[in-house]
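Down below is the structure, laid out as structure tokens.
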Amino acid sequence: MKIVIAEKPSVGRELAKVFGATTKKDGYIEGKGYSFTWAFGHLLQLAPPQEYGFIGWRRQHLPMLPQKFKLGIRKIKTKDGMVEDPGVRKQLDIIKKLFDEATEIIVATDAGREGELIFRYIYYFLKCKKPFKRLWISSQTDEAIKEGFRNLKPGTDYDTLFNSAHCRSESDWLVGMNATQALSISAGARSVLSLGRVQTPTLAMICSRFLEIKHFVPQLYYQLAIQLDKDGQLFKAISVINFDKKEDAEALFEKIEDVASGFPNGAKVLTVEAKPRKEPPPLLHDLSSLQQEANKRKGFTADQTLNLLQGLYESKLVTYPRTGSRYIGDDVFAGVPVLIEKLKGHQDFGKQADFLLTVPLNKRSVNAKKVTDHHAILPTGESPYQLTGDKQAIYEMVIGRMLEAFHQECVKEITKIAIEAGSVFMANGTVIRSAGWRSVFNESDDEKKDEENPSLPKVKAGEELPIVNKALLEKQTKPKAMYNEASLLKALETSGKDIEDEELRYAMKDSGLGTPATRASIIETLINREYVVREKRNLVPTNKGLAVYDVVKDQKIAQAELTGQWEKRLEEIRSGASVTDFKAEIIEYTRSITNELLQAGAGLAEKFMKEEKVDK
DNA sequence: GCAAGGTC
């Protein structure tokens, strides 16, 4: 019997289907000489410190540097503390039984670093010695799957990939566990002060933005506004110059020749510019973009959206949710018209679905090269039945986005009129000529609203117009906005882009901080640690969070660059570089950050507890 | 009591 092991049940079932294996057993599917089984993501995790004899949190244990790491079955939290997940234990037993009977093992976990690690941890934990082959496919179509099976790779081809994954895993443990204990112990706090390669730079982003806003000094500035009349149609123009001094603005204000001062035609049109602007449809959703949209539209947290989407996935209504790709391949695209067809007669989207079936579909979201392990989120075509309100909302964002993505571009006409009236004024207007994809949700542009002049009258250069009103406007510069879940998710995705070092920036170009699957839980961790609270939709640091930030802000552990450095080295390991060197560096770094935190954290708890009292 | 990674 050949055993195929996938990363998750949905993939295992899909592979079985392609082979025509249909006998459903507990935890696997059998047929045609194969058994198809699966993990549920990581079944195993690195054992916690106490399993190496580091009982209790004690200064003398630090840094904790296990000679050899142990693996343990994934734990879940219950009222009696952390216990082995019984479902995971059961599935591992099933995998063990299948591996024992196997004549050949075929690894079909996701084609990437973590997929490799998921399998290898199982394999080594079960002390399996049988050789294995690797299925390596980047598309899940029947044809790609069949081709992949005709072209299985020797398992050892991926040893270096495993090495890089293994280093990632152990390094996160070493740095995270030691830094957390070091800070918590030295701070003298009763609570846990956790630190980690991803959570701490995330906290730093929230805190530094908060402090930037807190210390922001608004600057006053002045603008002039005039209202003009073209054959009864009124429109507004604003001075091009912002005046720092009120006197300067006032001087020019006095010179504006409006009708009330006895000038029938005080303004002269200098230039008129009208340009069409084409907006391509948005890309299909990946998890992060959907979490951002759900946060903006409905105020859902990243974690809520992930859970709702997982529910839709388990009811087979949407494709795999934890994807980082906003593209689909040509094979999936071929099925899109059928998906659109299903929306005919839909209460909100039916009309647009009808329209799309009559025109060529936009292919902006179709690019097989940009599909990684999983493609963008699409509906499956199954009919939903009695969804809860929140699930329904998410589902509609998925189908609505599908219609948008394959829709036509939106064409706007942007008009700029320059006017001379003692100073130069500008009137801006935007008119939608062809709504295209924007007709799906029929909402106005959320970014910049040209609310003053949706549509400007037709005027010509040289024309003179009456000024029916004038005003001196006092304005203030504004600070950046506080992070909310949407803007934080976006910032995590792109955090690599601000890195100055070109190599580190390159190393993070496809990753950012965290991964689509983990970002929601990072936000939840910061909230559970009481580093951050939600205030309305904003993520606001607490005194505790700010105190921790103050201790670590100049340390490497608070910089996104740390992930960039690791990614660069891990990629080198994947292509064959030494593992020993990297491990030695990580151990050295663990020693130094641990020592620094043991000193720098002293008295920290008192500090933020005192501040809390002052606040009250 | 603790990381980051994956998933039901």
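This structure is a prediction, so every number in the text was calculated from the model and none was measured. Per chain, numbering begins at 1; letters A, B, ... match sequence-line order.
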(message) Which is more 5' along DNA chain B, the nucleotide nearest A/S521 or the one nearest A/E314? Just name the residue.
(response) A/S521
(request) Select base, sugar-phosphate, or nothing to describe what A/T518 touches, counting heavy atoms under 4.0 Å on all strands. (result) base
(request) Kindly confirm or rule out a cation-pi arrangement of A/R569 over A/F582, judged by NZ or CZ under 6.0 Å from the six-membered ring centre and within 45° of its axis? (result) no
(request) Between B/dG5, B/dC2, B/dT7, spot the one nearest the side chain of A/K8, thanks. (result) B/dT7
(request) Provide the full list of side chain to side chain donor-acceptor pair (under 3.5 Å) pairs with a residue in residues 388-397 of chain A, sequence neighbours left out, each pair given once. (result) A/Q392-A/E396
(message) Rounded to whole Å, please give me the gap between CD1 in A/I76 and P in B/dG1.
(response) 14 Å
(message) Checking the side chain of A/T380 only, and the main-chain atoms of A/K316 only, is there a donor and an acceptor separated by less than 3.5 Å?
(response) yes
(message) For a quick check of understanding: with a heavy-atom distance under 4.0 Å over all strands, which category does A/Q199 fall into, base, sugar-phosphate or nothing?
(response) sugar-phosphate
(request) Give a yes/no on whether any side-chain N or O of A/R120 is located under 4.0 angstrom from OP1 or OP2 of B/dG5. (result) no
(request) Take the protein atom CG of A/L312 and the nucleotide atom C1' of B/dC8, then report the distance between them rounded to whole Å. (result) 15 Å
(request) Mind checking A/R529 for me? I need base, sugar-phosphate or nothing, with any heavy atom below 4.0 Å counting as a touch. (result) sugar-phosphate
(message) Please confirm whether the shortest side-chain N or O distance from A/Q181 to OP1 or OP2 of B/dC2 is below 4.0 Å.
(response) no
(message) Heavy atoms from C-beta onward define the side chain here; which of B/dC2, B/dC8, B/dG5 lies closest to that of A/F40?
(response) B/dC8
(request) Identify, residue by residue, the members of residues 378-395 of chain A with a heavy atom below 4.0 Å from DNA chain B, and return them in order of residue number, or none. (result) none
(message) Looking at the base of B/dC8, is there any donor atom on it, or on the side chain of A/Q91, that sits under 3.5 Å from an acceptor on the other one?
(response) no
(message) If you assign A/T525 and A/L306 each to the DNA chain B nucleotide with the nearest heavy atom, which residue ends up on the more 5' nucleotide?
(response) A/T525
(message) So, using ring-ring contact (aromatic ring centres under 6.0 Å, His included) as the criterion, who are the partners of A/Y549 when residues are at least two apart?
(response) none
(message) By the 4.0 Å heavy-atom rule, please label A/L193 as base, sugar-phosphate, or nothing.
(response) nothing
(message) Classify A/P49 by what it touches in the nucleic acid, base, sugar-phosphate, or nothing, heavy-atom distance under 4.0 Å.
(response) base
